[in-house]
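Here is the structure we will look at, set down as C-alpha cells.
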Amino acid sequence: MTALPLLTLLALAQTPAPAKTTPTPSKETAAAATQEPGGRILLAPKLGFFKTTTPLSGAFFLGAEAGYLTPLLGNRLAIVAEFNFHQPQVSGTLSDPQLPADAPYTLTEREMAILLSAVYRFEGTFLEGTLTPYVGAGPGLYLHRAETEAFGSTYTESEATVGFQLLGGAEYKLGPGGIFAEVHYHFTRVNFLTTGDVNLGGFLAAGVGYRLHL
C-alpha cells in the first residue's frame, strides 16, 4: 500500500518544469523608449532673414538659444530661451512745400529680443526618428532703438516693449544634435515719432542652425 504514493512522488519529480518566458514589451513601452532623448540640454546658434510688417527693409539676424527638454508629454515638451538681433533700415526723400528742398533721410531700427517659448517636439514620428518637426509659442521682451539721419542731424528714440512669437520648424538628426530650419512670426508694437504706432514684429523670420543635444 505504501508503494503507490512513492511512485507518484517519483513521477512528479521527473516532470520538467515549465520554461520561463520573457515578457514582450508593450507598444507603449517601446514608443517611450524610442522617444527617450539623447540629451536634455539644447544649445543652438542661428542665422536667418527678418522682414518686418513695415516698409523697413529685410535684414539678416543673428540668434542663439538654450533649452531644456522636460520629461513632460513623453519627453516632447521643451522650454527654450532665445536671443535675437537684427537691424533693418529704410531710406528715402522727404518732400514738402514747406521745405526749401527735398531732404534725404535714413531710418535704422535696431532690435534685440529676449524670448521664452514652450516648444512641442514630435520626437520619433518621421523617418524612423531622424526628422523631428516642432511648433512653439511664447512671450518676449523687445528692445528697440531707432536712429534717423536727416537735415544733417541724427535723432534717436528708444523703447522696450512686450510681445510674443509663434514658431515652427524641423530638425534632422546629425551627430550629437541636428541641423534645423524654422520660421517665426513676431508681434510687438512701438510708438516712435519716426515710425508711428506700428507692429515691428517679423512678418517673415526664417533661420537655420545646428542644435546640440547634451
*Have His184 and Gln165 got a donor and an acceptor in their side chains that come within less than 3.5 Å?*
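Checked: His184/Gln165 side chains pair up, N/O donor to acceptor below 3.5 Å.
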*asked:* When you compare the side chains of Asn75 and Arg121, does any donor N or O come within less than 3.5 Å of an acceptor on the partner?
replied: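 Side-chain D/A pair, Asn75 to Arg121: absent.
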Any non-hydrogen side-chain atom of [X] less than 4.5 Å from a side-chain atom of [Y]?
{"X": "Arg110", "Y": "Leu143", "result": "no"}
{"X": "His213", "Y": "Leu42", "result": "yes"}
{"X": "Thr148", "Y": "Thr106", "result": "no"}
{"X": "His144", "Y": "Thr161", "result": "yes"}

Are [Y] and [X] connected in a single hydrophobic cluster, I mean Ile/Leu/Val/Met/Phe/Trp/Tyr linked by side-chain heavy atoms less than 4.5 Å apart?
{"X": "Leu167", "Y": "Leu73", "answer": "no"}
{"X": "Leu166", "Y": "Leu115", "answer": "no"}
{"X": "Tyr142", "Y": "Phe187", "answer": "no"}
{"X": "Leu174", "Y": "Leu43", "answer": "yes"}
{"X": "Leu214", "Y": "Val119", "answer": "no"}

*Please report the C-alpha distance between Tyr172 and Thr130 in whole Å, then the side-chain angles of each, then the deciding distance to 0.1 Å, and finally whether the side-chain contact (heavy atoms from CB on, under 4.5 Å) criterion is met.*
CA-CA 6 Å; Tyr172 185 80; Thr130 59; 3.9 Å; yes
Indicate the atoms forming the closest heavy-atom contact of [X] with [Y], along with that distance.
{"X": "Ala170", "Y": "Leu131", "result": "CB-CD1, 4.1 Å"}
{"X": "Ala160", "Y": "Leu141", "result": "CB-CD1, 4.4 Å"}
{"X": "Pro55", "Y": "Val90", "result": "O-CG2, 3.8 Å"}
{"X": "Leu56", "Y": "Glu109", "result": "CD1-CB, 3.8 Å"}
{"X": "Pro88", "Y": "Ser57", "result": "CB-O, 3.0 Å"}

_Parallel, tilted or perpendicular: ring planes of Phe122 versus Tyr120, cut at 30 and 60 degrees_ =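 The arrangement is perpendicular - the two ring planes meet at more than 60°.
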*Parallel, tilted or perpendicular for Phe180 and Tyr134, by the 30°/60° rule?*
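Plane angle over 60°, so perpendicular.
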With rounding to the nearest 0.5 angstrom, report the [atom1] to [atom2] distance, [X] to [Y].
{"X": "Thr154", "Y": "Glu147", "atom1": "OG1", "atom2": "CD", "value": "6.5 Å"}
{"X": "Leu62", "Y": "Asn84", "atom1": "CG", "atom2": "CG", "value": "9.0 Å"}
{"X": "Glu149", "Y": "Gln89", "atom1": "CD", "atom2": "CD", "value": "8.5 Å"}

*Please find out if less than 6.0 Å separates the ring center of His86 from that of Phe61.*
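No, ring centres 6.0 Å or more apart.
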*Ring centers of His186, Phe164 separated by less than 6.0 Å*: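 Ring centres of Phe164 and His186 not closer than 6.0 Å.
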_Flag if over 12 foreign heavy atoms under 6.0 Å of OH, Tyr68_ =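 Above 12, so yes.
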